[in-house]
Amino acid sequence: MSKKILIIGGVAGGASCAARLRRLDEEAEIILFERGPYVSFANCGLPYHVGSVIPKRANLLVVTPDLLRQRFRIDIRTLQEVVQIDRASREVRVNDLGTGRTYTEGYDYLVIATGAAPVQPPFPGGDLPGVFTLRTIPDTDSIISWIDERQIKDAVIIGAGYIGLEMADNLQQRGLAVSVVELQDQVLAGTMDYEMAAIVQGYLRQQGVELCLGDRVQEIRQAGDRLLIRTDRRNLPAGLVLVSTGLRPETALARASGLELGPTGGIRTDSFLHTSDPLIYAVGDVIEVTNPVSKSPALIPLAGPANRQGRLAADNICGRQLPYRGTVGTSIIKLFSLAAAATGLNARQLQERRIPYRSIIVHPLARASYYPGGSQISLKLLFSPDDGRILGTQVIGQEGVDKRIDVLATALQAGQTVYDLEQLELAYAPPFSSARDPVNILGMAAANIMRGDVAAVGWEDVESLMKDGALLLDVRTPSEVEAGIIAGSTHIPVDELRQRLGEIPAGRRLVVHCASGLRSYIACRILKAHGWNEVYNLSGGYRTYRTAVAERSRLSKPELQNIMAGG
């Protein structure tokens, strides 16, 4: 006897589930309800359509209803909203938004893929004309029309997450002046640690994006034909406002039907994507997932996991019983010519969960140093102090970021350690990498810490260590020192260190730094071999310290020079 399966919602989770069901079961009756006009579209591509990087709106349509009907014989019902689930009778009530007609449809299995909606902050004025959120194709239509019809010249974006920053990039490429207001003291707070986000922030400012960090929006007012955004610190006039302060799972339907929700507010599912009702599955941004690193529940709204969840739900409905392994949150963003990526947990998330960790930052070249056109890439690794297991990584650069984060995400999901990273055999040719890939270098640096070859401290520890009597030793070249120093440091180039050991007080605690951490590691080994026991390498070197302190301070150039000469 054939099964009847109803799917509530399309896009990544629902549409992938429907197509997979048909590939596995030619006889099943499959009905997909979508309250919007599009059953499957690339919502990750929406900012790029606003910026005309993706010029044709039709290119955002991944799969059309006609294709799903003709190729997969799926009953696609757009502009129809499921308003009630009757679990006792195994029926749903549907409202046809085109005609106003209401009807019921029975099911053997039900899949909920209702997704997530933009968070609406509580400040007044969020419903004024010219204030937008971005989640659907009609949202992009409204934003583009507003800009074109009114010849908008400037915009304020509230929220510095992925969508907010992608829109900052794309609106600026349309010729708008862009300001970003963010409550947190950094961009990308959900994925990046401060010193890594500082790289992104400095770069965005170089591109002309105004960042208003650590600032709260109080209200949005109408000011003639423009809008005025009043924050704790400033008034920002704009022709357009985009609110991008996060997503919340659309669980109203599930909650009303008595399905269990998790502590994060998403629908709770088991490893096979069953809800608390064994005949009802849930996938995508609406569900609570388990993060394999922390083993704790999380909301991680990403298209890749949603697509895989939809496929697995179809497998399990068809009797295959394949578990979902959880979501580690691998993500990447392009901002002008810079890319920033992350996987696993960052330091703040590890601290909140009381998970012990160590970390290291390196800044190698993305390709062989002798091959022209290469650029530096910054990588941070967080790992267990017990066994070196990878807990999270962050990568920023202008080339090669995507392949490095994918290698690191694969290693993390496989439960690998820093020792595995230093031994990975990765593709090498001068245009693409070096004989020691940045991933290998990251693993080697972390393994040195694990083996006790060197101890590391972060940029944020320098001031307190110096106050406690530590000597800050700068082992860069004289020309590098002329370009900027950390105030209070002692300069001895690494190549002169053995001859000048007498200048360093015996038994003194030492914090050693170079530009990025490699030469200072060599210096630490020399110093330990000559009797200094408390020797620490500054993780990420002067580059990380300078970038993080400059962003933290946001002082005028003369004031900043008092802390870091030149810089």
Passing candidate, side chain to side chain contact (heavy atoms under 4.5 Å, CB included) with Ile158, options Leu236, Val180, Ile220: Ile220

Given Val293, Leu345, Thr393, Val407, the one that forms side chain to side chain contact (heavy atoms under 4.5 Å, CB included) with Leu412: Val293

side-chain hydrogen bond (donor to acceptor under 3.5 Å, both in side chains) partner of Thr544, the single match among Glu195, His363, Lys380, His513: His363

Can you confirm whether [X] is buried at [atom1], in the sense that more than 12 heavy atoms of other residues, nucleotides or ligands lie under 6.0 Å from that atom?
X      : atom1 : value
Arg436 : CZ    : no
Glu352 : CD    : yes
Arg353 : CZ    : yes
Phe432 : CZ    : no

Test: [X] and [Y] ion pair at under 4.0 Å:
X      : Y      : value
Arg404 : Asp437 : yes
Glu250 : Arg35  : yes
Arg546 : Glu551 : no
Asp148 : Arg174 : yes

Specify the closest pair of heavy atoms between [X] and [Y], including all atoms of both residues, with the distance to one decimal.
X      : Y      : answer
Gly164 : Ser244 : N-OG, 3.3 Å
Pro249 : Gly265 : CG-O, 3.7 Å
Ala445 : Ile360 : CB-CG1, 3.8 Å

Interatomic spacing from CD1 in Ile157 to OG in Ser179 - rounded to 0.5 Å: 9.0 Å

Spacing of Glu463 atom CD and Lys467 atom NZ [to the nearest 0.5 Å]: 4.0 Å

Does any non-hydrogen side-chain atom of [Y] lie less than 4.5 Å from one of [X]?
X      : Y      : answer
Ile267 : Leu261 : yes
Asp185 : Arg552 : yes
Lys334 : Asp169 : yes
Arg135 : Leu247 : yes

Distance-only side-chain donor-acceptor flag, [X] / [Y], under 3.5 Å:
X      : Y      : value
Glu288 : Thr264 : yes
Ser384 : Tyr357 : no
Tyr203 : Ser337 : yes
Thr477 : Glu480 : yes
Ser464 : Asp461 : no

Val50/Leu171 under side-chain contact (heavy atoms from CB on, under 4.5 Å): CA gap, chis, key distance, verdict: CA-CA 7 Å; Val50 172; Leu171 287 174; 3.9 Å; yes

